[in-house]
Amino acid sequence: MTKFPILYWPRKTTGDSEYQLSRKVINNLVGVMPDVYGDDVDIVNILQDNPNATIYYPVFCGSTGWWGELLGGNAIIVDKVIISPECQLMVIESQKNAKPRGANQLLAAEIYPTSGFFKKMNSGIATVADMLATDAGTILALFSGKNQNMFIDILESTGNSYLGCIGRY
């Protein structure tokens, strides 16, 4: 059985000041040092086996597509913790246990890149936060927005595929 806080750290930990600072910050937040996973982490399985766990997932400056691992799962991003200008931790919990901590949500959608779609999305309903092209010619896009229902309505009206809400922050 995994303890409550889990830190996924895909890099070598020896001498890594961001790793050491991440552990310290997590300990200060929850009062317990996190378990550390260094291998590939299966977020969905971890949360199924440990529904009360919180996973701290680092996003390093320059990385793209980090949110794709959450698509299709019951994991959502409930917060983010800034460690340094080069690293932030996404705080991931089971959707069943998560409580919203802010008005904006991270919303993911598979889209075909059309200019009209982007004009509608950047009009206050949602703002593009990250994008990743796929081999199939579509784009997986991550948006920041306040109203999930309006976001879904716009997506469906433009004929695009909605993959679901993957988090809040």
Side-chain angles (χ1 to χ4, degrees), residues 1-109 121-122 124-132 140-152 163-169:
M1 188 86 167
T2 305
K3 294 179 186 172
F4 173 69
I6 297 168
L7 173 61
Y8 168 61
W9 202 261
R11 307 187 317 190
K12 186 177 177 182
T13 59
T14 308
D16 187 336
S17 61
E18 289 174 335
Y19 165 75
Q20 295 167 357
L21 185 55
S22 295
R23 286 179 38 102
K24 182 179 178 181
V25 167
I26 293 168
N27 185 44
N28 288 341
L29 288 172
V30 298
V32 177
M33 277 293 187
D35 283 351
V36 178
Y37 284 38
D39 297 330
D40 286 337
V41 62
D42 185 336
I43 292 170
V44 174
N45 283 342
I46 288 173
L47 292 175
Q48 281 178 347
D49 295 342
N50 307 285
N52 294 324
T54 300
I55 300 169
Y56 295 84
Y57 189 107
V59 178
F60 302 103
C61 183
S63 63
T64 58
W66 59 268
W67 45 272
E69 294 180 30
L70 300 179
L71 294 177
N74 287 325
I76 65 169
I77 301 161
V78 295
D79 203 359
K80 62 182 174 181
V81 179
I82 306 296
I83 298 299
S84 73
E86 289 78 34
C87 177
Q88 61 183 342
L89 299 176
M90 300 315 247
V91 183
I92 302 168
E93 294 179 359
S94 170
Q95 189 170 15
K96 296 173 190 167
N97 297 332
K99 295 181 179 41
R101 297 181 185 166
N104 281 352
Q105 298 183 46
L106 295 176
L107 306 159
M121 284 295 101
N122 288 322
I125 295 168
T127 303
V128 176
D130 194 6
M131 297 176 110
L132 180 66
L140 295 178
L142 185 68
F143 298 90
S144 171
K146 293 185 180 186
N147 188 320
Q148 182 176 354
N149 292 332
M150 285 179 69
F151 177 80
I152 294 168
L163 296 178
C165 176
I166 63 166
R168 296 187 276 272
Y169 70 92

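Treat the numbers as computed from the prediction; the structure is a model and nothing was measured. Just so you know, these numbers use all the heavy atoms, side chains as well, and skip hydrogens, waters and symmetry mates.
With a 4.5 Å cut-off on side-chain heavy atoms, Ile55 and Ile46 count as touching. You'll find the side chain of Leu107 stays beyond 4.5 Å of the side chain of Ile152, heavy atoms only.
Applying the salt bridge (Lys or Arg N to Asp or Glu O under 4.0 Å) rule to Asp42 yields no partners; only residues at least two apart in sequence or on another chain are considered.
One finds the CG atom of Asp79 at 10.0 Å from the CG atom of Leu89 (value rounded to the nearest 0.5 Å). Atom OH in Tyr56 sits 13.5 Å away from atom CE in Met90 (nearest 0.5 Å).
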task: Under the side-chain contact (heavy atoms from CB on, under 4.5 Å) rule, what do Asp16 and Trp9 come out as? Steps first, then yes or no, please.
output: CA-CA 10 Å; Asp16 187 336; Trp9 202 261; 3.2 Å; yes

message: Evaluate Thr54 against Val30 for side-chain contact (heavy atoms from CB on, under 4.5 Å), listing each step before the verdict.
response: CA-CA 10 Å; Thr54 300; Val30 298; over 6 Å; no

From CA spacing to verdict: side-chain contact (heavy atoms from CB on, under 4.5 Å), Leu29, Val81: CA-CA 10 Å; Leu29 288 172; Val81 179; 4.1 Å; yes

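A centroid separation of 6.0 Å or more is found between the aromatic rings of Tyr8 and Tyr37.
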With a 3.5 Å cut-off and sequence neighbours excluded, list the donor-acceptor pairs that the side chains of residues 17-26 form with protein atoms.
| residue | atom | partner | partner atom | Å |
| --- | --- | --- | --- | --- |
| Glu18 | OE1 | Arg11 | NH2 | 2.8 |
| Glu18 | OE2 | Ser84 | OG | 2.7 |
| Ser22 | OG | Glu18 | O | 2.7 |

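Shown here is Asn28, whose CG atom has more than 12 heavy atoms of other residues, nucleotides or ligands within 6.0 Å.
Contact between Cys61 and Pro85 at its shortest, heavy atoms only, is CB-O, 4.2 Å. The two residues Ile82 and Gln88 come nearest to each other via the heavy atoms CD1-OE1, 3.4 Å.
Under the salt bridge (charged side-chain N to carboxylate O under 4.0 Å, His left out) criterion, no residue pair touches residues 51-61, with sequence neighbours excluded.
A distance-only check finds no donor-acceptor pair linking the side chain of Asp35 to the backbone of Ile6 [under 3.5 Å].
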